[in-house]
Amino acid sequence: MKAVVFHKPKDMRVETVEDPVLEKPDDLILKITSTAICGSDLHIYNGFLPQKEPLVMGHEFMGVVEETGRDVTGLRRGDRVVVPFPVACGQCFFCHTGLPVHCEHSNDNYGPEGGLLNEKGGGLFGYTDLYGGYRGGQAEYVRVPYANFGPRRISDRYTDEQVLFLTDIFPTGFSGVEWAGVKGGETVAVFGCGPVGLMAQKCAWIRGAKRVIGLDVEPYRLEMARRVAGSEVIDVTEDHTVETIRSMTEGRGADVCIDAVGMEAQRGFLDKISNIIHLQAGSISVLKLAFSAVRRGGSVSILGVYGMPYDNFSLGQIFDKGLTIFSGQAPVHRYIDELISWLDQDKIRLDDIITHRLPLAEAPHGYEIFNNKTDSCVKVVLRP
Ligand SMILES: [Zn+2]
Ligand SMILES: [Zn+2]
């Protein structure tokens with residue numbers, strides 16, 4: 001089959017690899033119909049996460065069941081499904097407590113400590129050997145482990161593009177709003193108007209936020225936040241970000257700030273920090289902005305990925321302001337059924353953030369424009 005394969009930083013190739021096969025009785029093989037490039041794929045693309053062996057990329061994918069192992073009970077050949085990005089067993093302590101990204105069985109490199117290069121959480125599709133080494137879904141086929149727990153059947157009334165983002169960015173954006181307890185009347189400031197930030201903004205409105213503010217450094221992304229999320233926007237390059245948010249909130253700051261940028265190095269957001277091994281630290285300047293822009297007693301949700309310990313972390317400010325911080329990968333399995341019901345009730349539209357639709361063969365170009373923020377790229381969908 002054809003697949004998008006990571007070789008080294010900035011070197012993605014579409015090449016022929018071996019077809020996946022059933023390895024365990026509760027596996028299934030999925031024929032991919034649509035898959036997307038995610039902001040967190042760029043951490044691998046840019047060398048923020050080490051990976052020695054070639055890796056089939058992709059954790060946002062959907063398709064049609066091709067083959068099922070003998071223990072797969074709920075699905076059969078021909079069923080159309082979306083697949084959550086965390087690989088989770090459905091049986092362990094964490095899977096039972098609604099934390100599938102911390103599954104104890106899906107990653108050989110698992111441990112309680114959460115180290116830099118070891119003791120990570122549960123497995124993730126197409127996300128390096130640190131996260132289980134699973135081959136991803138930017139391919140014609142993928143093996144889906146624990147097929148009784150992850151995949152969700154999708155009605156034929158939806159096109160692929162209408163539901164594809166249930167796999168990651170929709171539940172991830174929702175998590176930032178849900179964790180912060182948005183229930184109506186709040187001012188929610190979302191740092192980053194990329195795919196996850198846009199989803200968080202849409203979800204904040206649906207949860208009844210009074211004001212939703214999108215912040216970014218790219219004019220085309222601010223424009224999209226205005227257009228598809230109906231948010232007020234602030235250009236972070238214009239420096240007075242925190243003062244602007246305070247002036248919009250009677251001097252107090254936003255009730256909720258959501259960091260949808262993470263350590264990804266972004267022009268204007270960034271201090272330059274050293275490389276350690278292959279890992280780049282990136283910067284926490286976005287997070288520091290969020291701690292300043294949130295009101296006393298407010299909440300900050302961290303959705304952007306951070307992989308390193310950081311100096312000059314503003315713990316004193318967090319304590320003085322009495323902030324509550326939420327962070328982590330989205331527990332997709334826990335939220336996905338509720339979010340499917342939002343689609344069924346026409347509460348939200350997901351496909352209006354797609355700017356590029358490419359055949360799988362053009363994936364390297366997709367990575368390039370998404371990474372370089374050229375051609376007004378916000379979200380790339382690939383079709384095998
Ligand atoms: Zn993703
Ligand atoms: Zn588990």
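Just follow the structure's listing: the first ligand is 1, and inside any ligand the first atom is 1.
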With V163 as partner, the option from L343, L350, D351, L339 fulfilling side chain to side chain contact (heavy atoms under 4.5 Å, CB included) is L343
For residues 152-183, which residue pairs pass the ring pair (Phe, Tyr, Trp, His ring centres under 6.0 Å) check, not counting sequence neighbours?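 Every pair satisfying ring pair (Phe, Tyr, Trp, His ring centres under 6.0 Å) with a residue in residues 152-183: F174-Y335, F174-W342.
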Using 2.8 Å as the cut-off, note every protein N, O or S atom close to the Zn ion (ligand 1).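 As for protein N, O or S atoms lying under 2.8 Å from the Zn ion (ligand 1), they are C38 SG, H59 NE2, E60 OE2, D168 OD2.
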Do side-chain atoms of D27 reach the backbone of E23 as a donor and acceptor pair under 3.5 angstrom? yes
Write down the atom of P331, the atom of G98, and the distance for their closest heavy-atom approach.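 Shortest heavy-atom separation between P331 and G98 comes out as CB-O, 3.6 Å.
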Below 2.8 Å, which protein N, O or S atoms neighbour the Zn ion (ligand 2), ignoring water? C89 SG, C92 SG, C95 SG, C103 SG
Tell me, with the steps shown, if F125 and F61 meet ring-ring contact (aromatic ring centres under 6.0 Å, His included). CA-CA 10 Å; F125 285 100; F61 56 83; 5.1 Å; yes
D352 and side-chain hydrogen bond (donor to acceptor under 3.5 Å, both in side chains): which partner among K202, R227, K379?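 The passing option is K202.
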Among F85, Y131, Y134, which residue satisfies the ring-ring contact (aromatic ring centres under 6.0 Å, His included) criterion with H59?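 The residue from F85, Y131, Y134 that satisfies ring-ring contact (aromatic ring centres under 6.0 Å, His included) with H59 turns out to be F85.
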Once ring-ring contact (aromatic ring centres under 6.0 Å, His included) is applied, do any residues pair with H356, and if so which ones, sequence neighbours excluded?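 So H356 forms no ring-ring contact (aromatic ring centres under 6.0 Å, His included) with any residue.
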Test log, rule side-chain contact (heavy atoms from CB on, under 4.5 Å), inputs M57 and Y45: CA-CA 10 Å; M57 295 290 298; Y45 180 77; over 6 Å; no
